[in-house]
Amino acid sequence: VVAATIKIQSAYKGFQTRKDLKEQAELKAKKQAEMKAKQELKAKQEIKAKQEAVRKAKQEAIRAREIKAKSHPKEPMVARQRHESKQQTAKEPIKTRHRHESKQHIPDAKKQQEIKKEQDMKIKKETVLLWKIHT
């Protein structure tokens, strides 16, 4: 009876060990599958985010092009050449509004100094002439 009890106990321990190993392997496989699924989901989300960013950039570029093409009532009309394309070969000038750069409105310091010197010289000459006339 003692020998049979020992055999039964060792067989049961072996069964439990194999069962534990099988459960651990299943858990490990399940965790790996979950990790892989998370990585795939993260990769898909990154791709979608990049695609969305590209779409927004394209929309902004189109909007900027439309704004630039719109004429502003205070800008002068200027004839510009159209860009040639396969469909359009004629080089017809089109009237569009010319956009000025802000630098054009900023006066040059050297030019201002020259203008001021010229004005001072004129005033001095006139003063000298008037003084000579009166004396």
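We're numbering straight along the sequence, starting at 1.
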Does the side chain of Q51 reach to within under 4.5 Å of the side chain of R55, using non-hydrogen atoms?
no

Q32: which of K28, E34, K30 passes side-chain contact (heavy atoms from CB on, under 4.5 Å):
K28

Would you give the length of the straight line joining atom CD of E60 to atom CD1 of I67, rounded to the nearest 0.5 angstrom?
10.5 Å

side-chain contact (heavy atoms from CB on, under 4.5 Å) test vs K42 passes for just one of K44, K38, E46, namely E46

Any heavy-atom pair between the side chains of E40 and K36 that's under 4.5 Å?
yes

With L21, which of Q24, E23, R18 fulfils side-chain contact (heavy atoms from CB on, under 4.5 Å)?
Q24

To the nearest 0.5 Å, how far apart are CD in Q16 and CG in D20?
6.5 Å

